[in-house]
Every structure is written in structure tokens, then in C-alpha cells.
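Right, one structure below, let's go through it.
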Amino acid sequence: STSIMHSIVTQAFPPYQVVHGNSGYTRLTGVPSNQVVGASFDNAVIFSHQDDNRNASVYFGENKKPSHQVSLSSCAKMTEMGQDIFMDICTQSCSEDDSEVMKSFRKCSIEVIPVVSDVKKSDFSLSQQSLIAGVDSSKVFNVTHFLIEMESC
């Protein structure tokens, strides 16, 4: 499709610090990307329901599963296998008179795509890395980031 993806990029290890959010993410959520950059994925992006027992924030297929720590590497494997992942993503909007910011959430389908470096861990340096998205990460590649694409559902 030609529609702009709603994406963020995180580091590849917990707490999955957000390093980038695109304009599509801001359009989808109302949250300026500079508000989430530097924060952990769980805290900044996934909506936290106060009652985790009845309102899970992460759903795998049709089964609800509360998220206390989401494993993006597990989610990447699920994406690779074509399994559905849904998350309640934080949104914000201004009240009609612009006096307050109202926070809510939107249920989105999620795809998690590993972003890898083509140099082995032993000779890994940021200055020489070349990043490739969507490569089979089980090879010699070192996953450095996750690309998370969201679509409202």
C-alpha cells in the first residue's frame, strides 16, 4: 500500500528505548515523537490500563494477555510467522478549548520487524554499521533495533 506507515524504532533490548518516531506515528496517536524518544516502549507507547486483570494492553491473536514486559523479540518472531498482535497504543488530544491534554488509547495491529547490522558483534561499531530492515535475523546478523509499524483497527 502507498499509505504512510505509522512507525517507531526502538533499541533491540529491554527496556526497548524509543529512538525514533515518524510523522505517521504522531498523526495516528496525537503524540509528538519527541515526547516518546528516549522513553521505554512499555511506558511511553503501550497504554497502561489501571486494572490489568480485566483490561490487557496486549493481545496475541484473540487471546488477551496482560503486558508487564512486552518482549519485542518474541513479537518479531510472531510477525515473521504471520500471527496477529494487537496493542492499546497511547494517544493524546487537546480539549476543545485547548486548556488540557486528554490521554486515551487506540487499539492497533502491530508488526515488529528486526533491524540488523551486517557486522558481527565482535567487530561492531556504530560508525561502520549498515542497517537493513527485515532480514532473517537468525543468520550472523546482529539485531540492533526493532521497527514497529502500527495500524489502527
Side-chain angles (χ1 to χ4, degrees), residues 1-117 129 131-139 141-153:
S1 73
T2 56
S3 67
I4 293 179
M5 291 309 301
H6 314 111
S7 311
I8 58 172
V9 177
T10 70
Q11 293 176 340
F13 45 86
Y16 306 114
Q17 188 177 29
V18 177
V19 296
H20 176 75
N22 73 356
S23 57
Y25 170 78
T26 301
R27 270 198 299 284
L28 178 74
T29 62
V31 179
S33 57
N34 63 359
Q35 242 177 259
V36 294
V37 168
S40 77
F41 180 74
D42 271 16
N43 291 341
V45 180
I46 298 179
F47 184 81
S48 174
H49 291 284
Q50 293 313 303
D51 180 359
D52 253 348
N53 295 327
R54 277 184 299 142
N55 290 309
S57 302
V58 178
Y59 320 79
F60 298 114
E62 291 307 302
N63 303 320
K64 286 193 168 193
K65 180 183 176 191
S67 72
H68 295 294
Q69 173 71 58
V70 173
S71 164
L72 290 181
S73 48
S74 298
C75 291
K77 289 188 179 77
M78 294 176 72
T79 294
E80 206 175 330
M81 295 188 296
Q83 295 180 358
D84 292 333
I85 306 168
F86 301 98
M87 293 183 187
D88 291 338
I89 299 297
C90 296
T91 61
Q92 68 183 34
S93 56
C94 289
S95 55
E96 281 184 30
D97 60 0
D98 279 349
S99 63
E100 60 178 329
V101 173
M102 299 177 298
K103 297 193 180 296
S104 186
F105 68 92
R106 171 176 278 175
K107 187 176 179 183
C108 292
S109 63
I110 302 290
E111 291 194 345
V112 180
I113 299 151
V115 179
V116 298
S117 162
Q129 72 181 347
L131 298 178
I132 319 147
V135 175
D136 178 2
S137 56
S138 63
K139 302 210 168 65
F141 294 107
N142 173 36
V143 176
T144 57
H145 296 84
F146 287 114
L147 169 66
I148 297 145
E149 295 185 340
M150 355 183 140
E151 212 47 69
S152 188
C153 50

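In this chain, numbering begins with 1 at the start of the sequence shown. Any value given below was found using the heavy atoms of this structure, including those in side chains, with hydrogens, waters and symmetry copies removed.
- Contact annotation: the side chain of Cys90 never approaches that of Phe105 to less than 4.5 Å [non-hydrogen atoms, C-beta and beyond].
- Under 3.5 Å, the side chains of Asp97 and Ser99 contain a donor-acceptor pair of N or O atoms.
- The structure places CD of Gln83 at 10.5 Å from OG of Ser74, a figure rounded to the nearest 0.5 Å.
- Under the rule for a side-chain contact (heavy atoms from CB on, under 4.5 Å), the partners of Glu149 that lie at least two apart in sequence or sit in another chain are Met5, Ser7, Glu111, Ile113, Leu147.
- Across all their heavy atoms, Gly30 and Pro32 have their closest contact at O-CD, 3.5 Å.
- Evaluation of the side-chain contact (heavy atoms from CB on, under 4.5 Å) rule for Ser33 yields Thr26 as partners, not counting sequence neighbours.
- Inter-residue side-chain proximity for Phe146 and Ser73 is flagged as met; some heavy-atom pair is nearer than 4.5 Å.
- In terms of heavy-atom proximity, His145 sits nearest to Val9 at CB-CG1, 3.8 Å.
- Contact check for Met87 versus Cys75: side-chain heavy atoms found under the 4.5 Å cut-off.
- Looking at Gln17, its side chain does come within 3.5 Å of a backbone N or O of Gly38 through a donor-acceptor pair.
- The two residues Ile8 and Gly21 make their nearest non-hydrogen contact at CG2-CA, 3.8 Å.
- The backbone N or O of Leu28 lies less than 3.5 Å from a partner atom in the side chain of Arg106, making a donor-acceptor pair.
- Of all heavy-atom pairs between Ser152 and Cys108, the closest is CA-SG, 4.0 Å.
- Applying the ring-ring contact (aromatic ring centres under 6.0 Å, His included) criterion to Phe41, with sequence neighbours excluded, gives no partner residue.
- One finds the CD1 atom of Ile110 at 9.5 Å from the CZ atom of Phe86 (value rounded to the nearest 0.5 Å).
- How far CZ of Phe13 is from CG of Leu72: 12.0 Å, rounded to the nearest 0.5 Å.
- We find the CE-CD1 distance between Met150 and Ile85 to be 11.5 Å, quoted to the nearest 0.5 Å.
- Between Val45 and the choices Val18, Ile148, Thr10, Val31, the side chain to side chain contact (heavy atoms under 4.5 Å, CB included) rule is met once, by Val18.
- Taken from CG in Asp88 to CD1 in Ile46, the straight-line distance is 9.0 Å, to the nearest 0.5 Å.
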